[in-house]
4 protein chains.
Amino acid sequence: MSTVEKRHSDPERAQTRRQQVLDAAETCFRRSGFHGASMAEISKAAGMSAGHIYNYFDSKDAIIAAFVEQNVERVTAIMRNLEQQEDPLQAIVDDTARSVREHLERDTWALPLEISAEAARNPTIAAVVRDADARSRGQLRAMLKTARERHHLPVDDFALDGLVELVITLYQGLGVRVVHHPDLDAEALIARFRATLKALLFS
Amino acid sequence: MSTVEKRHSDPERAQTRRQQVLDAAETCFRRSGFHGASMAEISKAAGMSAGHIYNYFDSKDAIIAAFVEQNVERVTAIMRNLEQQEDPLQAIVDDTARSVREHLERDTWALPLEISAEAARNPTIAAVVRDADARSRGQLRAMLKTARERHHLPVDDFALDGLVELVITLYQGLGVRVVHHPDLDAEALIARFRATLKALLFS
Amino acid sequence: MSTVEKRHSDPERAQTRRQQVLDAAETCFRRSGFHGASMAEISKAAGMSAGHIYNYFDSKDAIIAAFVEQNVERVTAIMRNLEQQEDPLQAIVDDTARSVREHLERDTWALPLEISAEAARNPTIAAVVRDADARSRGQLRAMLKTARERHHLPVDDFALDGLVELVITLYQGLGVRVVHHPDLDAEALIARFRATLKALLFS
Amino acid sequence: MSTVEKRHSDPERAQTRRQQVLDAAETCFRRSGFHGASMAEISKAAGMSAGHIYNYFDSKDAIIAAFVEQNVERVTAIMRNLEQQEDPLQAIVDDTARSVREHLERDTWALPLEISAEAARNPTIAAVVRDADARSRGQLRAMLKTARERHHLPVDDFALDGLVELVITLYQGLGVRVVHHPDLDAEALIARFRATLKALLFS
DNA sequence: CATGAATGAGCTTTCATTCAT
DNA sequence: CATGAATGAAAGCTCATTCAT
């Protein structure tokens with residue numbers, strides 16, 4: 001899934017410039033969506049000319065793809081961080097409040113929704129998104145397996161798969177939920193969310 | 001929800017034509033997204049000239065809004081059907097397999113995602129979506145309250161709110177899930193989904 | 001310059017319908033200009049369907065032409081009325097106040113301006129307008145000649161031509177004037193206008 | 001009057017391009033009128049793409065406004081030139097022949113008519129036109145006042161106002177006159193025009 | 001006679017992309 | 001490396017006109 005980068009005489013500087021564009025794109029995509037954001041808008045936010053952006057990206061679609069790629073990396077980072085915890089499952093439960101609240105911030109999840117919607121239609125984006133998802137759920141699955149073995153709980157592939165899917169479903173549902181009901185009672189949801197996670201992960 | 005319709009000499013025929021446009025729009029929106037679909041594309045799919053569509057809708061945005069409105073009505077219909085069941089909670093649990101499978105069909109949920117993404121940015125769409133959500137969760141909440149009272153279980157507003165949100169979150173998460181992992185093991189997920197629902201609804 | 005009329009089984013009714021359209025057109029043309037007024041707008045104002053208008057007029061241009069023709073007739077009527085006065089020249093001078101004030105009413109002259117502008121560009125309209133102008137200035141010239149002979153003033157073709165042109169120029173200038181300076185002091189203008197007319201006509 | 005210009009890296013070149021568009025617009029407006037001229041037509045005449053014109057003007061209306069603004073400036077220039085004459089009133093009378101002949105050239109006054117007609121309906125254009133008119137008649141009034149004082153003639157505000165309006169009416173009437181009677185005897189009109197001006201200005 | 005549904009051409013405007021400088 | 005002038009295609013939308021009913 002690695003984006004082919006153009007050759008530049010100073011690759012380091014080029015990398016900075018690319019990042020500049022992607023950061024600008026984030027602002028614009030959030031404000032106007034992938035298709036509503038114009039190259040002119042992005043170039044102004046990036047502090048460089050529209051023409052110049054084409055020295056770093058082949059097309060607007062390439063920017064979207066790179067942007068998505070960068071965003072799915074964030075999930076990967078979260079998972080990696082989780083893996084390094086002493087007891088990852090406990091960490092998940094302990095972190096519920098903060099984590100749910102973060103998912104419920106509107107600014108956090110407008111873009112992931114945009115990404116999912118785009119992935120539902122655009123095969124390139126779908127590939128990026130699915131690849132990242134595969135890695136994440138692999139990590140979660142491994143964590144679950146290890147933990148259950150340590151806790152002397154039964155480990156069964158079928159049950160494990162369902163568990164992984166359900167946990168991710170819960171988190172991904174939050175992004176939709178907050179759009180449909182931005183004023184929901186976060187505390188009430190968190191309480192129930194934590195209880196459900198606990199039941200799922202430790203039984 | 002307040003869609004003003006233009007006056008037509010033959011309202012029945014006009015209604016058919018409007019529906020024709022909305023059906024065509026569905027095809028195009030699914031293929032290209034709200035903003036990727038052009039009026040020309042829609043008009044071709046609807047079998048009428050682009051200009052003529054404007055005799056039934058004020059603008060492309062009005063088509064999107066009407067389309068969204070029609071789609072949220074589907075959820076309302078599901079809820080209404082549920083309310084008429086002898087034991088709605090039991091019906092939910094009993095129906096898990098079919099219901100989850102339906103949510104996992106790709107064609108079912110590409111558009112809801114598009115709708116949610118649009119609602120995250122477009123206030124008109126957000127209003128439609130939130131209104132529908134309010135009605136749906138009101139119905140679910142009432143059903144839960146009634147059922148718990150009947151089962152002599154404790155009824156607590158805070159807990160009820162969290163429960164409602166969590167259940168809806170689960171279902172809404174499925175739409176995202178299937179985009180990120182279209183090949184997931186439906187059986188495994190269903191099993192876990194049903195168990196979770198049972199625990200949530202009956203305790 | 002006679003407009004060819006379509007054959008109708010009931011010519012009288014047809015004439016009424018045509019007039020209905022022209023009256024509606026006046027309203028719309030005044031509001032939106034010849035090119036800004038749409039057939040839909042006109043048809044609504046005329047109380048008949050857009051399609052039906054085409055039974056009475058070949059095209060929108062034909063409506064404009066007929067409308068212009070009808071409007072130039074108004075000037076002809078004024079001249080005819082003037083001719084029947086005992087002393088037409090004196091009548092002109094006596095009528096200055098009323099006449100100038102009428103020309104200064106904005107609603108009176110928005111359309112003549114539109115007509116003149118159109119005539120500057122559209123040969124069909126130009127022909128209508130020029131024909132009417134020829135008739136009007138012929139009448140004015142004849143009146144002047146007769147009156148001067150009666151008053152035993154010298155009659156000289158060259159001087160007469162200049163006089164006719166200048167008098168008409170004065171009146172036509174008013175239509176432009178009021179657009180450029182709608183708040184002008186009408187009384188001051190009228191006083192000077194009358195004095196000038198008197199000097200021109202009686203010396 | 002307040003035309004905001006977009007920022008360009010080479011303002012000189014931009015100014016040239018703007019003028020190119022305005023010159024092209026003149027051709028097209030004359031041929032087809034403000035509303036009959038299409039952006040495609042203008043862009044072809046200007047030798048640049050329609051899209052590019054929008055780098056210099058916000059909209060077609062902005063082109064019309066800029067065009068009008070530029071045209072009213074011509075009158076201002078004439079007045080300024082007149083003010084610098086030793087005896088402006090005498091200069092007006094001496095210049096009658098040339099001046100009237102210029103007003104009678106068809107190409108000179110097709111567009112002013114279009115402008116007046118537009119001003120009768122479009123508030124933006126009306127404002128531009130009225131502002132220019134206010135300046136012009138202010139200058140004429142001042143010239144008249146000064147000259148009369150110098151000639152020891154009575155100066156009376158009411159009479160002055162009427163005089164200013166009448167003189168301008170005469171000149172503005174010429175633009176309409178030539179459309180309605182393009183073959184008029186210019187010499188005859190000029191003779192009478194000059195005599196009338198003389199009587200008005202020097203008594 | 002009368003309607004208004006329907007068309008298709010053409011409108012203004014936007015925008016991703018290219019390229020001379 | 002960097003610009004932004006310039007293009008051309010396509011967008012949403014309007015409207016004069018036609019025609020089946």
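Partners of R13(A) according to the salt bridge (charged side-chain N to carboxylate O under 4.0 Å, His left out) rule, which considers only residues two or more places apart in sequence or in another chain, do not exist here. Every residue two or more places apart in sequence or in another chain that forms a side chain to side chain donor-acceptor pair (under 3.5 Å) with D23(C) is listed here: Q19(C). Looking at residues two or more places apart in sequence or on another chain, you find a ring-ring contact (aromatic ring centres under 6.0 Å, His included) between F29(A) and F34(A), F67(A). Looking at residues two or more places apart in sequence or on another chain, you find no salt bridge (charged side-chain N to carboxylate O under 4.0 Å, His left out) involving R74(C). Residues that satisfy the salt bridge (charged side-chain N to carboxylate O under 4.0 Å, His left out) test with R121(C), not counting sequence neighbours, are E118(C), E114(D). Shown here are the ring-ring contact (aromatic ring centres under 6.0 Å, His included) partners of F57(B), two or more places apart in sequence or in another chain: there are none. The salt bridge (charged side-chain N to carboxylate O under 4.0 Å, His left out) test applied to R31(C) returns E41(C), not counting sequence neighbours. For H52(A), the ring-ring contact (aromatic ring centres under 6.0 Å, His included) criterion is met by Y56(A), not counting sequence neighbours.
For the pair I63(C) CD1 and dT17(F) C1', the computed distance is 11 Å after rounding to whole Å. In this structure, Y54(C) atom OH and dC19(F) atom C1' are separated by 13 Å, rounded to whole Å. Regarding I64(D), its CD1 atom lies at a distance of 12 Å from the C1' atom of dT12(E), rounded to whole Å. Here the P atom of nucleotide dT13(E) and the CG atom of D58(D) are 9 Å apart, to the nearest Å.
Counting only residues at least two apart or on different chains, no salt bridge (Lys or Arg N to Asp or Glu O under 4.0 Å) pair has a member in residues 42-52 of chain C.
Taking the C1' atoms of five terminal pairs at each end of the helix from dA2(E)-dT21(F) to dT21(E)-dA2(F), the two resulting helix axes are inclined by 10°, rounded to 10°.
Toward the 5′ end of DNA chain E lies the nearest nucleotide of K60(D), the other residue of the pair S59(A) and K60(D) mapping further downstream.
No side-chain donor-acceptor contact under 3.5 Å links K60(D) to the backbone of S38(D).
Of the residues in residues 25-46 of chain B, those placing a heavy atom less than 4.0 Å from an atom of DNA chain F are A37(B), S38(B), M39(B), in numerical order.
Contact between I125(C) and I115(C) at its shortest, heavy atoms only, is CG2-O, 4.1 Å.
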Take nucleotides 2-9 of chain F nucleotide by nucleotide from the 5' end and write B, S or -, depending on whether a protein heavy atom sits under 4.0 Å from the base, only from the sugar-phosphate, or from neither. BBBSBBB-
